[in-house]
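Each ligand, and each atom within it, is numbered from 1 in the order the structure gives.
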Amino acid sequence: MTSGSPKNYRAGFVGLIGLPNSGKSTLMNSLVGEKVSIVTAKPQTTRRRVLGLVSGEDFQVVFVDAPGVVNAKSGLNMFLAEEARDVISESDVLVAVLNIDEKSPEQLEQILTLVKESGKPWIGLIHKVDLPELHRPQILRDKLSLLNVPVIQGSALTEAEGLKETLLKTLKPLLPEAKGPMYDEELYTLSTTRELCAEIIREKCFETLHQEVPFGLAVKILKFDEESPVIKIHSEILVSKENHRPIVIGAGGAAIKKIGSEARKEIEKLLGEKVYLDLQVQSKLDWQRNRGIMKELGYVLKN
Ligand SMILES: Nc1nc2c(ncn2[C@@H]2O[C@H](COP(=O)(O)OP(=O)(O)OP(=O)(O)O)[C@@H](O)[C@H]2O)c(=O)[nH]1
Ligand SMILES: [Mg+2]
């Protein structure tokens with residue numbers, strides 16, 4: 001037991017479960033107070049779970065940001081589906097993130113079914129309430145009110161502080177009792193610096209590139225050299241089709257320059273030091289169907 005931990009200490013893993021684009025990663029960052037998970041306007045941004053820690057006097061929550069729930073039986077999408085399911089089964093408590101701008105109420109119901117069937121304690125979060133309501137969220141509220149679970153609402157974008165306070169207050173009694181914190185209270189994520197850098201590069205690719213290109217793209221850090229006066233990062237952007245390579249590079253190298261310069265600035269902010277960032281674009285045909293490459297990239301759950 002950590003000396004000084006209060007008697008009623010609680011700690012646990014809290015999975016954020018929702019559809020792609022429901023705002024899980026935005027919520028995660030606002031709860032942690034740091035950018036630990038990348039955010040874009042495109043669905044299926046988050047691919048692997050990201051852990052973000054919030055510690056208080058008598059509690060520690062490890063929030064788990066999962067990929068949006070999708071139905072798929074092969075390739076990268078199957079990994080996303082499995083990863084979301086795994087986060088559900090490994091969490092102590094779940095937050096169903098239900099975004100009011102979702103076009104399909106049936107899909108939102110699928111999230112409710114998943115969290116209900118998990119048998120875990122959970123709360124419903126009606127999210128993005130700063131937006132005009134699109135698709136009869138009152139039906140959702142009525143459904144939630146019958147389920148006998150705590151329901152809160154808010155916007156991680158426009159009222160982050162208030163939402164954090166309400167969410168933590170609602171979550172705390174649902175967390176398992178614990179002798180003390182599970183992780184160092186100073187930590188805010190369990191991602192490594194390499195992982196954070198690779199994700200920043202991927203985010204800039206998502207922002208710069210369109211149509212199907214970002215969805216078939218992965219980022220690998222080849223070398224992270226901290227010995228030299230300027231930190232040198234060598235990274236590879238993998239594309240799944242040969243004709244995506246010139247798109248990532250852009251006319252006269254314009255796209256890759258933009259990705260590189262935006263990623264470098266953000267990595268420098270993260271590391272607090274000057275960085276030299278080298279980006280190479282490689283095509284590996286249909287890497288999403290190649291188990292060896294998927295594994296190397298961390299997109300395989302079971303061996
Ligand atoms: N209006 C509004 N937009 C939001 C809110 N939270 C997130 N967004 C926007 O919704 C989009 C998706 O946000 P993300 O946080 O990446 O969503 P996600 O659920 O993590 O998405 P995936 O990783 O693809 O599953 C981004 O454009 C965000 O800026 C919110 O509270 N209000
Ligand atoms: Mg996300």
Side-chain angles (χ1 to χ4, degrees), residues 14-52 63-72 76-88 91 94-104 107-108 110-112 114-115 124-135 137 140 152-167 189 191 195-196 198-219 266 298-299:
V14 175
L16 305 179
I17 307 302
L19 294 169
N21 244 351
S22 55
K24 301 174 296 299
S25 301
T26 308
L27 175 66
M28 163 76 129
N29 293 341
S30 78
L31 292 165
V32 173
E34 298 282 346
K35 182 166 164 183
V36 293
S37 201
I38 62 169
V39 168
T40 79
K42 296 185 174 72
Q44 301 191 0
T45 299
T46 305
R47 288 192 185 157
R48 294 171 60 192
R49 73 193 72 179
V50 174
L51 275 51
F63 285 102
V64 188
D65 180 16
V69 172
V70 289
N71 297 312
L76 182 61
N77 280 352
M78 184 183 77
F79 172 78
L80 300 184
E82 279 182 2
E83 182 76 338
R85 267 203 309 271
D86 247 48
V87 170
I88 294 177
S91 297
L94 301 173
V95 178
V97 182
L98 306 157
N99 49 314
I100 64 161
D101 61 339
E102 172 54 43
K103 293 193 179 67
S104 148
Q107 300 254 36
L108 287 173
Q110 192 199 341
I111 301 296
L112 289 183
L114 269 177
V115 293
L125 164 62
I126 298 176
H127 196 222
K128 300 198 185 181
V129 295
D130 58 296
L131 291 174
E133 299 195 348
L134 264 188
H135 293 271
L140 191 69
I152 61 171
Q153 57 175 25
S155 159
L157 209 58
T158 62
E159 36 159 320
E161 271 309 305
L163 179 55
K164 177 173 175 174
E165 202 182 309
T166 316
L167 186 61
T189 185
S191 297
E195 285 166 342
L196 291 170
E199 284 291 88
I200 290 171
I201 298 166
R202 202 163 62 77
E203 180 186 69
K204 302 311 169 201
C205 291
F206 260 65
E207 285 169 355
T208 307
L209 306 164
H210 303 290
Q211 279 136 13
E212 85 270 37
V213 181
F215 301 103
L217 172 156
V219 173
E266 197 165 321
Y299 294 141

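Taking a cut-off of 2.8 Å, the protein N, O or S atoms nearer than that to the Mg ion (ligand 2) are Ser25 OG, Thr46 OG1.
When all heavy atoms are compared, the tightest approach of Thr45 to Arg202 is O-NH2, 2.8 Å. The minimum heavy-atom distance between Val70 and Ala81, with the atom names listed, is O-CB, 3.3 Å. Closest heavy-atom contact between Ser37 and Asp65: OG-OD2, 2.5 Å. The heavy-atom pair separating Asn99 from Asn21 by the smallest distance is ND2-O, 4.2 Å. Counting all heavy atoms, side chain and backbone alike, Val36 lies closest to Val50 at O-CG1, 3.4 Å. Minimum heavy-atom separation, Gly18 to Ile111: C-CD1, 3.6 Å.
Looking at atom 26 (C) of ligand 1, its nearest protein heavy atom turns out to be Thr40 O, 3.4 Å. Of all protein heavy atoms, the one closest to atom 3 (N) of ligand 1 is Leu157 CD2, 3.4 Å. Of the protein's non-hydrogen atoms, the one nearest atom 12 (C) of ligand 1 is Asn21 OD1, 2.8 Å. Looking only at heavy atoms of the protein, atom 17 (O) of ligand 1 is closest to Gly23 N, 3.1 Å.
Across Lys128, Lys24, His127, heavy-atom proximity to atom 8 (N) of ligand 1 is greatest for Lys128. Among Leu163, Asp130, Asn29, Thr158, the residue whose heavy atom lies closest to atom 1 (N) of ligand 1 is Asp130. Nearest to atom 7 (C) of ligand 1 by heavy atom, out of Ile17, Thr26, Thr45, is Thr26.
Atoms of ligand 1 found under 4.0 Å from any heavy atom of Ala41 (numbered from 1 in listed order, with element): 27 (O). Set against the non-hydrogen atoms of Gly68, the atoms of ligand 1 under 4.0 Å away are 25 (O). Every atom of ligand 1 is numbered from 1 in the order shown, and the set under 4.0 Å from a heavy atom of Leu131 is 1 (N). Those atoms of ligand 1 that come under 4.0 Å of a heavy atom in Ser155, given as number and element, are 30 (C), 31 (O), 32 (N).
Side chain of Gln211 to main chain of Val213: no donor-acceptor pair is present (N/O by atom type, distance under 3.5 Å, no hydrogens or angles). Between the side chain of Ser30 and the backbone N or O of Leu27, at least one donor-acceptor pair lies under 3.5 Å. Looking at Thr189, its side chain never comes within 3.5 Å of a backbone N or O of Gly52 through a donor-acceptor pair. The backbone N or O of Pro67 lies less than 3.5 Å from no partner atom in the side chain of Gln44, so there is not a single donor-acceptor pair.
Residue contacts with ligand 1 for Pro43 involve N, CA, C or O but no side-chain atom from C-beta outward (heavy atoms, distance under 4.0 Å). With a 4.0 Å cut-off on non-hydrogen atoms, Thr46 touches ligand 1 through its backbone as well as its side chain.
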Q: Go through the steps for Met28 and Leu16 under the test side-chain contact (heavy atoms from CB on, under 4.5 Å), then give the verdict.
A: CA-CA 8 Å; Met28 163 76 129; Leu16 305 179; 4.0 Å; yes

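The pair Glu83-Arg49 counts as a salt bridge, with a side-chain nitrogen and a carboxylate oxygen less than 4.0 angstrom apart. Under a 4.0 Å N-O distance rule, the pair Glu161/Lys164 does not qualify as a salt bridge.
Look at Ser22 and you'll find a heavy atom under 4.0 Å from some atom of ligand 1.
Atom CD of Glu165 is surrounded by 12 or fewer heavy atoms from other residues, nucleotides or ligands within 6.0 Å.
On a distance-only criterion, Ala156 and ligand 1 share at least one N/O pair closer than 3.5 Å. Between Ala66 and ligand 1, not a single N/O pair is under 3.5 Å apart.
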